[in-house]
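In what follows, a single structure is set out as structure tokens and then discussed.
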Amino acid sequence: MMHQTRSVRDVEELESLLSEPTEAAIQAMGSLKGDLLVLGIGGKMGPTLARMAKRASERASVSRRVIGVSRFSEPGLQAKLESWGIETHRCDLLDRNAYDGLPEVANVVYMAGMKFGSTGQESMTWAMNTFLPGLVSERYRNSRIAAFSTGNVYGVSPVRLGGSREADPLHPVGEYAMSCLGRERIFEHFSRTLHIKMSILRLNYATELRYGVLADLALRVLSQEVVPLQMGHFNAIWQADAVAMSLQSLLYASTPPFVLNIAGPELLSVRRIAEQFGEQFGKPPRFEGTEAEDSLLNNAENAFRLFGYPGVSVGQMMLWIADWVKRGEKSFAKPTHFENRAGNF
């Protein structure tokens with residue numbers, strides 16, 4: 001999937017781009033048997049993933065129900081999903097009784113969780129990120145599950161080492177990251193005891209035009225806000241590429257879980273990216289602090305070996321994002337806080 005355009009016209013075109021299935025995703029959906037349930041579809045990546053799964057299944061000539069579950073607090077999202085051919089169920093996944101009304105499916109993508117607002121709501125964070133996976137595992141013990149996690153479970157690693165790998169020791173910092181490790185451990189427990197095939201996906205960081213570290217940096221430079229440098233390096237992967245890899249991971253689900261990093265291939269410099277945005281905007285960035293020798297970084301070589309390299313380059317993402325923010329197009333207004341080294345979100 002190669003793109004060479006400088007501009008994405010509007011949200012409709014963006015959402016079409018984000019859900020455009022790769023050939024590998026089409027092949028995966030052609031090989032996968034049964035319906036697909038997306039738990040926590042109302043987040044930033046959920047609609048993209050569900051729509052790509054639906055489009056890929058159709059192109060593979062597979063008749064498949066794609067079903068999304070959420071509280072649907074965002075106005076209009078439920079109707080939009082249904083217009084894309086995705087069935088929806090409105091419920092609170094922390095309510096045990098809600099599971100009685102959910103359908104039996106062969107495949108589950110788990111995207112529910114809590115990050116932003118976790119500081120000050122630690123008990124809810126642990127309930128969402130560790131108790132909920134147990135409920136889901138018990139309800140869908142006969143399904144194949146792909147569960148989203150985060151690179152935050154590793155903690156920072158020396159930039160010179162090229163990012164944390166799946167077998168590296170885990171050193172989560174802060175209650176959010178610790179609860180995410182708890183999520184993985186609960187899923188692993190039920191995978192082992194109930195023999196549930198699972199994949200656990202440590203994502204770091206998905207990017208699109210309305211959200212992500214690249215968008216954060218572009219907005220800071222454009223508005224002449226200070227760019228902090230201490231977390232001096234990061235990964236970024238186009239959201240559609242991350243979603244395609246996530247769907248393909250269902251074919252590799254195993255007992256115990258198959259753990260996979262999903263990230264961009266480059267170790268990107270915050271300073272250099274900000275300077276490049278500054279060149280595009282005609283506004284030199286304002287910096288604060290100096291780069292530490294370690295950062296929150298993932299090494300995704302295993303994903304590239306299995307699924308190939310991302311189809312959208314960092315350069316293309318930056319062109320799209322620079323044009324998007326200069327035109328004042330929609331933002332989710334949810335900064336990633338990637339610069340936070342204390343783990344407080």
Side-chain angles (χ1 to χ4, degrees), residues 15 18-19 21 25 28-29 32-58 60 62-117 124-125 127-149 183 186-187 190-191 194 196-201 203 206 239 242-243 246-247 249-250 253 332 334:
E15 290 178 340
L18 290 172
S19 61
M29 290 296 98
L32 200 66
K33 307 300 182 186
D35 296 332
L36 178 70
L37 183 70
V38 183
L39 298 176
I41 198 174
K44 294 176 290 296
M45 292 180 68
T48 293
L49 184 141
R51 191 181 186 190
M52 183 183 292
K54 188 68 174 179
R55 294 174 72 180
S57 299
E58 290 171 349
V62 172
S63 177
R64 168 177 289 119
R65 297 170 69 199
V66 178
I67 307 150
V69 178
S70 173
R71 287 171 294 192
F72 291 109
S73 57
E74 179 186 336
L77 177 58
Q78 195 168 6
K80 178 185 286 188
L81 290 167
E82 290 172 354
S83 75
W84 293 339
I86 298 158
E87 300 176 37
T88 61
H89 285 259
R90 182 191 296 267
C91 77
D92 180 354
L93 289 170
L94 284 174
D95 179 1
R96 289 179 181 273
N97 297 324
Y99 290 85
D100 295 338
L102 297 182
E104 295 290 341
V105 294
N107 307 285
V108 174
V109 177
Y110 181 92
M111 308 186 81
M114 183 171 178
K115 179 178 183 180
F116 301 115
M124 175 59 77
T125 301
M128 285 294 298
N129 292 346
T130 62
F131 175 68
L132 182 54
L135 295 179
V136 170
S137 297
E138 289 183 329
R139 173 63 178 85
Y140 287 103
R141 64 179 61 199
N142 297 317
S143 304
R144 183 184 298 260
I145 300 175
F148 274 82
S149 185
R183 173 172 53 206
I186 294 297
F187 272 128
F190 283 102
S191 176
L194 299 180
I196 306 170
K197 291 184 177 181
M198 295 185 182
S199 58
I200 291 176
L201 310 172
L203 177 64
Q239 183 166 300
V243 163
S246 303
L247 291 173
S249 80
L250 282 163
F332 285 150
K334 294 181 178 179

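Since this is a predicted model, take the numbers as computed values, not measurements. Here, residue 1 is the first one in the sequence, and each next residue gets the next number.
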Go through Val66 and Leu37 one step at a time and tell me if the side chain to side chain contact (heavy atoms under 4.5 Å, CB included) criterion holds.
CA-CA 6 Å; Val66 178; Leu37 183 70; over 6 Å; no
Correct closest heavy-atom pair for Asn129 and Gly113 would be OD1-CA, 3.3 Å
Whether the side chain of Arg64 engages the backbone of Leu32 through a donor-acceptor N/O pair (distance < 3.5 Å, no angle test) should be reported.
yes
Carefully, step by step, assess Leu94 and Asp92 under the rule side chain to side chain contact (heavy atoms under 4.5 Å, CB included).
CA-CA 5 Å; Leu94 284 174; Asp92 180 354; 3.5 Å; yes
Could you tell me the separation between the CD1 atom of Ile41 and the CZ atom of Arg71, rounded to the nearest 0.5 Å?
14.5 Å
Backbone of Leu81 reached by a side-chain donor or acceptor of Arg51 within 3.5 Å
no
May I have the step-by-step check of salt bridge (charged side-chain N to carboxylate O under 4.0 Å, His left out) for Glu15 and Lys80, ending in yes or no?
CA-CA 11 Å; Glu15 290 178 340; Lys80 178 185 286 188; 3.0 Å; yes
Mind checking ring pair (Phe, Tyr, Trp, His ring centres under 6.0 Å) for Tyr140 and listing every partner two or more places apart, or none if nothing turns up?
none
Would you say the side-chain atoms of Asn142 pair up with the backbone N or O of Ala106, donor to acceptor, closer than 3.5 Å?
no
More than 12 heavy atoms of other residues, nucleotides or ligands under 6.0 Å from CZ of Arg90: is that the case?
yes
Once rounded to the nearest 0.5 Å, what's the spacing between atom CZ of Arg96 and atom CD of Glu138?
6.5 Å
Going from OH on Tyr110 to OG on Ser199, what distance comes out if it is rounded to the nearest 0.5 angstrom?
14.0 Å
Contact check, side chains of Phe148 and Ile200, non-hydrogen atoms, under 4.5 Å:
no
Over all atoms of both residues, closest heavy-atom pair of Leu102 and Cys91:
CD2-SG, 4.4 Å
From CA spacing to verdict: side chain to side chain contact (heavy atoms under 4.5 Å, CB included), Ile67, Val105
CA-CA 9 Å; Ile67 307 150; Val105 294; 4.0 Å; yes
Minimum heavy-atom distance between Gly40 and Leu93, given as atom pair plus value:
N-CD1, 4.2 Å
If we only count heavy atoms from C-beta on, is the Glu87 to Arg65 side-chain gap below 4.5 Å?
yes
Distance check, rounded to the nearest 0.5 Å: Lys54 atom NZ versus Leu49 atom CG?
13.5 Å
Going through the distances and angles, do Leu201 and Ser249 end up as a side chain to side chain contact (heavy atoms under 4.5 Å, CB included)?
CA-CA 8 Å; Leu201 310 172; Ser249 80; 3.5 Å; yes
Say whether Arg55 and Ser19, considering side chains only, have a donor N or O and an acceptor N or O under 3.5 Å apart.
yes
Expected output: side-chain Asn107 to main-chain Asp35 donor-acceptor under 3.5 Å:
yes
Can you name the nearest heavy-atom pair linking Met29 to Ala56, along with the distance?
CG-CB, 3.6 Å
Thr130 to Ile186 - nearest heavy-atom pair and separation
O-CG1, 3.6 Å
Any donor and acceptor pair, going by atom type alone, linking the side chain of Ser191 with main-chain N or O of Phe187 inside 3.5 Å?
no
One should read off an interatomic distance between Leu18 CG and Gln239 CD, to the nearest 0.5 angstrom, of 5.5 Å
Taking all non-hydrogen atoms of both residues into account, name the closest pair between Ser143 and Ile196 and its distance.
O-CG2, 3.3 Å
If you define the side chain from C-beta out and look only at heavy atoms, does anything of Pro133 sit under 4.5 Å from Phe190?
no
Is there side-chain contact between Leu36 and Leu247, with at least one heavy-atom pair below 4.5 Å?
yes
Just how far is it from atom CZ of Arg144 to atom CG of Leu250, taken to the nearest 0.5 Å?
7.0 Å
